[in-house]
Colleague: 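Got a structure for you, written out below as structure tokens; questions coming shortly.
Nothing here was measured: the structure is a model prediction, and the numbers come from that model. Heads up: numbering here begins at 1 and tracks the sequence.
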Amino acid sequence: MKRPYQAGSHHLQVEYVRKTWIGWKWVWGGGYGIGESSQSVTALNYMGLPELDPISTPFPMVFGDILDPSIKKVNVKIRGESYNAKLTSAEAGRMIWFVFVPSPASIPFDIEGYNEEGTLIARKTITDPRDSGSVHLEMDLKLIR
């Protein structure tokens with residue numbers, strides 16, 4: 001679900017429902033609301049949803065929205081393995097991304113954004129599987145370092 005956003009903020013929600021004999025039942029999900037930063041250029045937002053023991057779900061999953069149109073590919077890297085995110089249109093000019101990662105998803109993991117030429121232009125290391133936030137363009141990270 002992509003909620004209508006107010007200027008300067010981004011909201012995205014993922015919900016998992018299961019069909020039962022009495023209808024649809026909500027099982028697990030979550031979402032984020034993130035305001036724009038005036039400090040740096042945000043490439044994409046993200047959130048991690050861990051698996052839910054002992055209930056069977058398709059999680060763990062990492063998802064988010066792409067804010068910089070130069071991002072054409074998103075990967076999540078865990079212990080040297082790369083998992084390609086699926087990118088899909090959410091509304092005019094907006095893209096969302098998601099990737100299911102192996103269970104149990106180990107931390108730390110990296111979220112990476114690539115441009116059309118395949119150049120890495122955004123990266124962030126995540127140390128909390130339930131984290132949410134923003135990934136900034138690589139040029140901004142060099143200024144901070």
Colleague: Does a donor on one side chain and an acceptor on the other come within less than 3.5 Å for Tyr46 and Asp65?
Modeller: no
Colleague: If I take atom CZ from residue Phe109 and atom OG1 from residue Thr127, how far apart are they, to the nearest 0.5 angstrom?
Modeller: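 With rounding to 0.5 Å, CZ (Phe109) is 9.0 Å from OG1 (Thr127).
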Colleague: How long is the span from the OG1 atom in Thr125 to the CG atom in Asp110, to the nearest 0.5 Å?
Modeller: 3.5 Å
Colleague: What pair of heavy atoms forms the shortest contact from Leu137 to Ala43, and how long is it?
Modeller: CD2-CB, 3.6 Å
Colleague: To the nearest 0.5 angstrom, please state how far the CD1 atom of Ile96 sits from the NZ atom of Lys86.
Modeller: 10.0 Å
Colleague: For Met95 versus Leu87, what's the shortest heavy-atom pair and its separation?
Modeller: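 For Met95 and Leu87, the tightest heavy-atom pair comes out as CE-CB, 3.8 Å.
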Colleague: Just verifying a value: how many Å separate Leu67 CG and His136 NE2, rounded to the nearest 0.5 Å?
Modeller: 10.5 Å
Colleague: Would you name the heavy atoms of Ser70 and Ile121 that are closest together and state the gap between them?
Modeller: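 For Ser70 versus Ile121, the nearest heavy atoms are OG-CD1, 3.4 Å.
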Colleague: Compare all side-chain heavy atoms of Val76 with those of Ile126 and state whether any distance is below 4.5 angstrom.
Modeller: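 Sidechains of Ile126 and Val76: no contact.
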Colleague: Looking at CG of Asn75 and CH2 of Trp97, how far apart are the two atoms once the value is rounded to the nearest 0.5 Å?
Modeller: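 Reported to 0.5 Å precision, the distance equals 9.5 Å.
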Colleague: Under the salt bridge (Lys or Arg N to Asp or Glu O under 4.0 Å) rule, collect the residues that match up with Lys77, sequence neighbours excluded.
Modeller: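 Lys77 satisfies salt bridge (Lys or Arg N to Asp or Glu O under 4.0 Å) with Glu112 once adjacent residues are dropped.
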Colleague: Calculate, to the nearest 0.5 Å, the distance between atoms NZ and OG1 belonging to Lys25 and Thr20 respectively.
Modeller: 7.5 Å
Colleague: Looking at Tyr114, I'd like to know if the NZ or CZ of Lys73 sits under 6.0 Å from its six-membered ring centre while staying within 45 degrees of the ring's axis.
Modeller: yes
Colleague: Of all the heavy-atom pairs spanning Tyr83 and Pro102, show the shortest one and how long it is.
Modeller: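 The pair with the smallest heavy-atom distance is OH-CG, 3.2 Å.
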Colleague: Using side-chain heavy atoms (C-beta onward) and a distance below 4.5 Å, is Val74 in contact with Val99?
Modeller: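 Answer no - side chains too far apart.
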Colleague: Would you sort out whether Asp68 and Leu44 count as a side chain to side chain contact (heavy atoms under 4.5 Å, CB included), showing the intermediate values?
Modeller: CA-CA 7 Å; Asp68 187 303; Leu44 53 96; over 6 Å; no
Colleague: Would one find more than 12 heavy atoms of other residues, nucleotides or ligands at under 6.0 Å from atom CD of Glu116?
Modeller: no
Colleague: What's the shortest heavy-atom distance between Val135 and Lys124, and which atoms?
Modeller: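 Taking Val135 first and Lys124 second, the nearest heavy atoms are CG2-CB, 3.8 Å.
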Colleague: Using every non-hydrogen atom in the two residues, find where Leu120 and Arg123 come nearest and quote the distance to one decimal.
Modeller: CD2-NH2, 2.6 Å
